[in-house]
Chemist: 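Before I ask anything, let me first share the structure, which is written out below as structure tokens.
Below, read A as the first sequence line, B as the second, and so on, with proteins coming before strands; counting in each chain starts at 1. All values reported here derive from a predicted model rather than from experimental measurement. Every heavy atom of this structure was used, including side-chain atoms; hydrogens, water molecules and symmetry mates were not.
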Number of protein chains: 2
Amino acid sequence: MADPLDLAADPVELTAALVDIPSVSRDEARIADAVERALREQTPLEVVRHGDAVLARTNLGRPNRVVLAGHLDTVPVNDNLPARLVDGVLHGCGTVDMKGGDAVMLHLAATTPAPRHDLTFVFYDCEEIEAVHNGLGRVERELPEWLRGDLAIVCEPSNAVIEAGCQGTVRVEVRATGARAHTARGWMGVNAIHALGEVLRRLEAYEPRHVEIDGCHYREGLQAVGVSGGVAGNVVPDEAVLTVNHRFAPDRSPEQAERHLRELFRGYDVTVTDLSPGALPGLAHPVTRELVAASGGTPVAKLGWTDVARFAALGMPAVNLGPGDPSLAHTKQENVPVNQVRQCLEVLRRFLG
Amino acid sequence: MADPLDLAADPVELTAALVDIPSVSRDEARIADAVERALREQTPLEVVRHGDAVLARTNLGRPNRVVLAGHLDTVPVNDNLPARLVDGVLHGCGTVDMKGGDAVMLHLAATTPAPRHDLTFVFYDCEEIEAVHNGLGRVERELPEWLRGDLAIVCEPSNAVIEAGCQGTVRVEVRATGARAHTARGWMGVNAIHALGEVLRRLEAYEPRHVEIDGCHYREGLQAVGVSGGVAGNVVPDEAVLTVNHRFAPDRSPEQAERHLRELFRGYDVTVTDLSPGALPGLAHPVTRELVAASGGTPVAKLGWTDVARFAALGMPAVNLGPGDPSLAHTKQENVPVNQVRQCLEVLRRFLG
């Protein structure tokens, strides 16, 4: 059993302590136990354990409630444990994704006895694997009242800047069909791979939108992510499939994004294989405005997809704010600069005053 | 052990008898035994067994020698044995590819004691599997004098028409490269699948040559036969590969065909994975002219690749002449019309008369 977590201690040491409890997806019991035990010691908090998710909240009767969320699991350890602090940077599996953010949340829970808004802390499991296992999704289905609030802050890495909303993502298979023939008599067939040429031409001619919402700049994208086709080395192929991923700004609904792709690839068989809504930045809400003011910076658009979108789908403004560079997530070299851990903490402390 | 083959009997019955000795590639011992035994009974023939190939020849001191070649193996049986004769059509595995042709050869061997040209009969194994196992190739390496002659007739199905020469075939992999990036920030990468668009455009714009040689019309072709690429559903792919099969008229050497593709796909990484020369029709040779005259028809170009090209590479004119529709080869429904078996026999008998 790990040493008890000292939530009130230095948040960088707390990050390292969390990193040193391995918690690859589906193996989060130990870290959830440690988090649960530490949170139960904080008397003003109501704590609930739900599978390997740990939920905690204040019940101070404030007019607004802020939900802070972070997952406890990591991708598989890659010879990068235990945590190592080198020149102000903490290295190790889970440092940036996202135990730095978890540490900020835990430290706040222990050191903010009278926050300006009621707070809900959601630590959850299985974010790094197929969406169907996602602990936040399970909490949403089984304890929905625990996710209610006026603003959600997902503490995924954002370089300690507020990233607002997120883009949606849709993946489609664009299928071209033809007719087989022996290549010695190729003109008797219809080549399905050749027919993909027109699809690639449309991709090439495509001008992705740049969209400004609440001062955030979203940049859409349309990329082929897979292609396959072929029967044998001497056969004109009768089927070829191009898989395309479209990232769309949150002013488009999933249905609109799907319709857009169906129009773009008219004449081809289009199958949606994956579709997740974006999230509007929601920066007009008074509580969000307070957070932006506390951060002292200008929010930027979140381009990737995160669990922010789950909160947005519940009708709440939701933002990302966490320490570290998200592009280091899932790499062997992942790390988090300690000054960003402290910076996130300060912003949230100012916000919650 | 099968009943002895009666080579002098009706060639259609002989075809059926050969079909009823299953001889899937690498399992040709039984049919080779039967063919060898029957040929050894023909006194004017010199017979050699070489693995599961059986070679037989006359040594009559004629000024010219004609080589007749047929493979004994078939593709796997597909619930299509034994042979069935229905309305003048013999059905079953190997009927068209190519025991009808083998039967014509065997019947000739037994019933043409004084042919106008010396004859060499080559029955060989493993034609239907990877070229490296091909029995004709083995004979060429180990008993090369057995393939020498002034004309080769490969009795593969040709609808009983003389198909002259054959087209060459070259397969290349055209590789596009790029740089990976997360699709949420696709503009930071270079999409290798998108880069294949230009390759497909060149394929589409390609005008295959039509080439006339010795009155035979060759029609070239250029077909994508495979495509693959993709890293993950959210990653801009850094590699994509298109496999292209080019069928080229026999006025082009393999080196010229390869150079042609390298020029066509300039700017891309091109790897040759397979290259087989074509064969010129060689219809100007006097012995070939005799065969054409005996057939009473006009030769047509062979578009597919056959072992004809092996003989052409030895510097001999070589043609295809055999009963049945080649497009039925390798199908469950394969069959050979009995009148085409008889027709081939008559043409060759007139020729050798």
Chemist: Could you pull out the closest heavy-atom pair between A:V96 and A:L328, with the gap in Å?
Modeler: CG1-C, 4.1 Å
Chemist: Could you tell me whether the side chain of A:L222 reaches within less than 4.5 Å of the side chain of A:L264, counting heavy atoms only?
Modeler: yes
Chemist: Please classify the contact between A:V231 and chain B as side chain, backbone, both or neither, with a heavy-atom cut-off of under 4.5 Å.
Modeler: backbone
Chemist: Minimum heavy-atom separation for A:A176 to A:L196, with atom names?
Modeler: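 Scanning both residues completely, I find the closest heavy atoms to be CB-CD2, 3.9 Å.
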Chemist: Over all heavy atoms of both residues, which pair between B:V75 and B:V24 is shortest? Give the atoms and the distance, please.
Modeler: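 Heavy atoms of B:V75 and B:V24 come nearest at O-CG2, 3.8 Å.
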Chemist: Where does B:V235 contact chain A at under 4.5 Å (heavy atoms): side chain, backbone, both or neither?
Modeler: backbone
Chemist: Quick check on B:A232 against chain A: is it the side chain, the backbone, both or neither that has a heavy atom closer than 4.5 Å?
Modeler: backbone
Chemist: Are there donor-acceptor atom pairs under 3.5 Å between chain A and chain B, and if so which?
Modeler:
{"from": "A:R171", "atom 1": "NH1", "to": "B:G233", "atom 2": "O", "distance (Å)": "2.4"}
{"from": "A:T183", "atom 1": "OG1", "to": "B:N245", "atom 2": "OD1", "distance (Å)": "2.6"}
{"from": "A:T183", "atom 1": "OG1", "to": "B:R247", "atom 2": "NE", "distance (Å)": "3.2"}
{"from": "A:T183", "atom 1": "OG1", "to": "B:R247", "atom 2": "NH2", "distance (Å)": "3.0"}
{"from": "A:N191", "atom 1": "ND2", "to": "B:Q223", "atom 2": "OE1", "distance (Å)": "2.7"}
{"from": "A:N191", "atom 1": "ND2", "to": "B:A224", "atom 2": "O", "distance (Å)": "2.9"}
{"from": "A:H194", "atom 1": "NE2", "to": "B:A224", "atom 2": "N", "distance (Å)": "2.9"}
{"from": "A:Q223", "atom 1": "OE1", "to": "B:N191", "atom 2": "ND2", "distance (Å)": "2.7"}
{"from": "A:A224", "atom 1": "N", "to": "B:H194", "atom 2": "NE2", "distance (Å)": "3.0"}
{"from": "A:A224", "atom 1": "O", "to": "B:N191", "atom 2": "ND2", "distance (Å)": "2.9"}
{"from": "A:V227", "atom 1": "N", "to": "B:G229", "atom 2": "O", "distance (Å)": "3.0"}
{"from": "A:V227", "atom 1": "O", "to": "B:G229", "atom 2": "N", "distance (Å)": "3.2"}
{"from": "A:G229", "atom 1": "N", "to": "B:V227", "atom 2": "O", "distance (Å)": "3.2"}
{"from": "A:G229", "atom 1": "O", "to": "B:V227", "atom 2": "N", "distance (Å)": "3.0"}
{"from": "A:G233", "atom 1": "O", "to": "B:R171", "atom 2": "NH1", "distance (Å)": "2.4"}
{"from": "A:N245", "atom 1": "OD1", "to": "B:T183", "atom 2": "OG1", "distance (Å)": "2.6"}
{"from": "A:R247", "atom 1": "NE", "to": "B:T183", "atom 2": "OG1", "distance (Å)": "3.3"}
{"from": "A:R247", "atom 1": "NH2", "to": "B:T183", "atom 2": "OG1", "distance (Å)": "3.1"}

Chemist: Under a 4.5 Å cut-off applied to non-hydrogen side-chain atoms, are B:V227 and B:L200 in contact?
Modeler: no
Chemist: Taking the side chain as C-beta and beyond, is there a heavy-atom pair between A:V319 and A:P299 under 4.5 Å?
Modeler: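 The answer is no, as the side chains (C-beta and beyond) never meet within the 4.5 Å cut-off.
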Chemist: Please identify, among A:G229, A:G226, A:G221, the residue contributing the most non-hydrogen atom pairs under 4.5 Å to chain B.
Modeler: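 Of the candidates given, the most pairs with chain B belong to A:G229.
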Chemist: Using a cut-off of under 4.5 Å on heavy-atom pairs, state which of B:A192, B:P208, B:G186 scores highest against chain A.
Modeler: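 The option with the most such pairs is B:G186.
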Chemist: Identify the heavy atoms of A:F311 and A:A152 that sit nearest to each other, and give their distance.
Modeler: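 Heavy atoms of A:F311 and A:A152 come nearest at CG-CB, 3.4 Å.
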Chemist: Side chain from CB out, backbone as N, CA, C, O: work out which of these in A:L242 comes under 4.5 Å of a heavy atom of chain B, or both, or neither.
Modeler: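 The answer is the side chain of A:L242.
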Chemist: Could you check which of B:G189, B:P237, B:G233 has the highest count of heavy-atom pairs closer than 4.5 Å to chain A?
Modeler: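 Highest number of heavy-atom pairs under 4.5 Å: B:G233.
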Chemist: Identify, with sequence neighbours excluded, every residue that meets side chain to side chain contact (heavy atoms under 4.5 Å, CB included) alongside B:A279.
Modeler: B:C166, B:V308, B:A309, B:A312
Chemist: How far apart are the closest heavy atoms of B:P250 and B:L280, and which atoms are they?
Modeler: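 So the two residues come closest at O-CD2, 3.4 Å.
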